[in-house]
Amino acid sequence: MSKDFSGCFGGVFNGQDVLVTGHTGFKGGWLCHWLAQCGARVHGLAMDPDDGHSLFATIQLTKDLAGDHRGNIADRQMVSDLVREIRPRYLFHLAAQPLVRQSYQCPVETFETNVMGTVNVLDALRSAGHRCNVVVVTTDKCYRNREWVNGYREDDPLGGHDPYSASKAGAEIVTSAYRDSFFRNSPIRMASVRAGNVIGGGDWAADRLVPDCIRALTHNEEICVRNRHSTRPWQHVLEPLSGYLHLASRLEMADDAAPLTEAFNFGPPLASNRSVLDLVKELIRYWPGRWRDATDPNAVHEAALLNLAIDKAHHTLGWTPVWDFQQTVCQTAVWYQTHHAGEDIRAFTTEQIRRYVCDASNAGLCWTGKRAVQRRAAA
């Protein structure tokens, strides 16, 4: 185990089997790399990564994996067989169709993956019946969006104007139903988590703001900016991942996990709720470029205002975000610049995690070391 991460999360992942669905994706890749640095035996289940750039290939993620399994979580039998084979102590469910605009083009596939895929994962756990701590990852877009400035709280109504958002609300309802119907008095402890708009190095997905910016900047082209006045809760990828890992460790250590088997928001500081144009302008401070307004009045609907309340994560888990808006954008830009320069991006990715953990430790967050270990000893 890396000495930099040995104290994180009370050391609960060291030597444990962890299954991450969606490990070939952006967030899944960062999560697997961090778990491996914590000493976990990491198993992944996902479709093949996209052709061309992917974080999975860029940081040679196979070096971190005890098992690299490919398949569609819509395949119920395959998912069930894999869960029985691995018997993970921890399961992080991230596999999804994650794009709003693509959900308009492929609504059936979006619902199959995001709703029935979640059913398949949870039913595999129900059938296997072994002790497991489960974190189901959805999104801030699972809330019924009222286009208001207030932060959405975990008990606000769920909904979704577009197929993606509706499918993620459906995944939350499925999670709640399995928890209440099957997992209340079982060895399975499960929570769901909702993050903001996550950015960071290694995301090359289509129709996402930062990847679109990076593609334009690397080719010295104008950045085409849609919906420049829309606001989002921007956060670095390591922020929600620290929350997911901390929550999973608390599920494992708690004598009474009932207060933790709920939904939690892991969003950025309030000041990081900024417009699309604010993010573009901040990014080109670090990587000079130019932009133009590409707003299409006939484009499909996307939320204009979105904000998360994170009081519950703070008061229940002692979790708070670490990096502000400027740090988030700076760390994102530096990752892409390091990659563009041809430097050792795998080593830099590890170093960026170490830097984040160091800043969290300096901020006194309990999951970073000594205080987390003390809590485990008392549990």
Side-chain angles (χ1 to χ4, degrees), residues 18-28 31 43-50 67-88 90-130 132-144 157-184 186 188-195 205 207 244 261-263 300:
V18 181
L19 176 58
V20 177
T21 71
H23 71 293
T24 60
F26 166 54
K27 285 176 72 176
L31 178 60
H43 307 260
L45 170 61
M47 304 289 282
D48 292 336
D50 293 334
D68 180 11
H69 305 275
R70 302 302 171 85
N72 192 330
I73 57 170
D75 185 339
R76 178 183 176 188
Q77 189 62 53
M78 181 272 296
V79 173
S80 179
D81 291 345
L82 187 63
V83 168
R84 287 182 177 276
E85 173 189 339
I86 297 171
R87 295 182 61 83
Y90 300 88
L91 191 153
F92 296 88
H93 176 45
L94 286 79
Q97 191 298 96
L99 301 174
V100 171
R101 287 162 67 89
Q102 186 173 333
S103 76
Y104 282 100
Q105 300 167 10
C106 305
V108 174
E109 292 83 353
T110 297
F111 281 104
E112 284 179 343
T113 300
N114 296 353
V115 179
M116 289 310 300
T118 301
V119 171
N120 291 340
V121 170
L122 300 187
D123 206 61
L125 286 167
R126 178 188 67 84
S127 298
H130 66 274
C132 189
N133 303 289
V134 186
V135 176
V136 177
V137 179
T138 64
T139 175
D140 55 351
K141 296 178 181 64
C142 70
Y143 294 106
R144 184 185 303 163
L158 302 175
H161 181 283
D162 57 90
Y164 167 74
S165 301
S167 73
K168 284 299 193 176
E172 284 283 354
I173 293 170
V174 165
T175 301
S176 179
Y178 266 80
R179 179 173 50 228
D180 292 342
S181 299
F182 306 116
F183 298 160
R184 283 297 183 193
S186 87
I188 297 168
R189 298 177 170 188
M190 181 175 66
S192 64
V193 293
R194 305 156 184 176
D207 286 330
Y244 304 169
T261 57
E262 298 181 352
V300 296

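As the structure is a prediction and not an experimental result, all values here were calculated from the model.
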[atom1]-[atom2] distance between [X] and [Y], expressed to the nearest 0.5 angstrom:
X	Y	atom1	atom2	answer
Cys132	Arg189	SG	CZ	11.5 Å
Ser103	Lys141	OG	NZ	10.5 Å
Asn120	Leu82	CG	CG	12.5 Å
Asp207	Leu99	CG	CG	6.5 Å
Arg70	Asp48	CZ	CG	5.0 Å
Arg194	Thr138	CZ	OG1	5.5 Å

Least distance between heavy atoms, [X] atom then [Y] atom:
X	Y	answer
His23	Asp68	NE2-OD1, 2.7 Å
Ala191	Arg179	CA-NH1, 4.2 Å
Ala124	Val83	CB-CG2, 3.8 Å
Phe111	Pro163	CZ-O, 3.7 Å
Leu122	Thr175	CD1-CA, 3.8 Å
Glu172	Val193	OE2-O, 4.3 Å

Is [Y] close to [X] at the side-chain level, that is, under 4.5 Å between some pair of heavy atoms?
X	Y	answer
His130	Pro88	yes
Thr261	Met190	no
Thr110	Gln102	no
Cys106	Gln97	no
Tyr178	Leu125	no
Arg76	Asp123	yes

- Item | Given Val135, Val137, Val20, Ile73, the one that forms side chain to side chain contact (heavy atoms under 4.5 Å, CB included) with His93 |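 The side chain to side chain contact (heavy atoms under 4.5 Å, CB included) with His93 is passed solely by Ile73 among Val135, Val137, Val20, Ile73.
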- Please indicate whether Arg126 has more than 12 foreign heavy atoms, meaning atoms of other residues, nucleotides or ligands, lying under 6.0 Å from its CZ.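 Counting other residues, nucleotides and ligands, CZ of Arg126 exceeds 12 neighbours.
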May I ask you to decide if [Y]'s main-chain N or O and [X]'s side chain share a donor-acceptor pair within less than 3.5 Å?
X	Y	result
Asp162	Ser165	yes
Ser176	Ile173	no
Thr21	Leu94	yes

- Task: Please step through salt bridge (charged side-chain N to carboxylate O under 4.0 Å, His left out) for the pair Asp81 and Arg84, ending with a clear verdict.
- Result: CA-CA 5 Å; Asp81 291 345; Arg84 287 182 177 276; 6.0 Å; no
- Using 30° and 60° as the class limits, which term best fits the ring planes of Tyr90 and Phe92: parallel, tilted or perpendicular? parallel
- On the 0 to 90° scale, with breaks at 30° and 60°, tag the His69-His43 ring pair as parallel, tilted or perpendicular. parallel
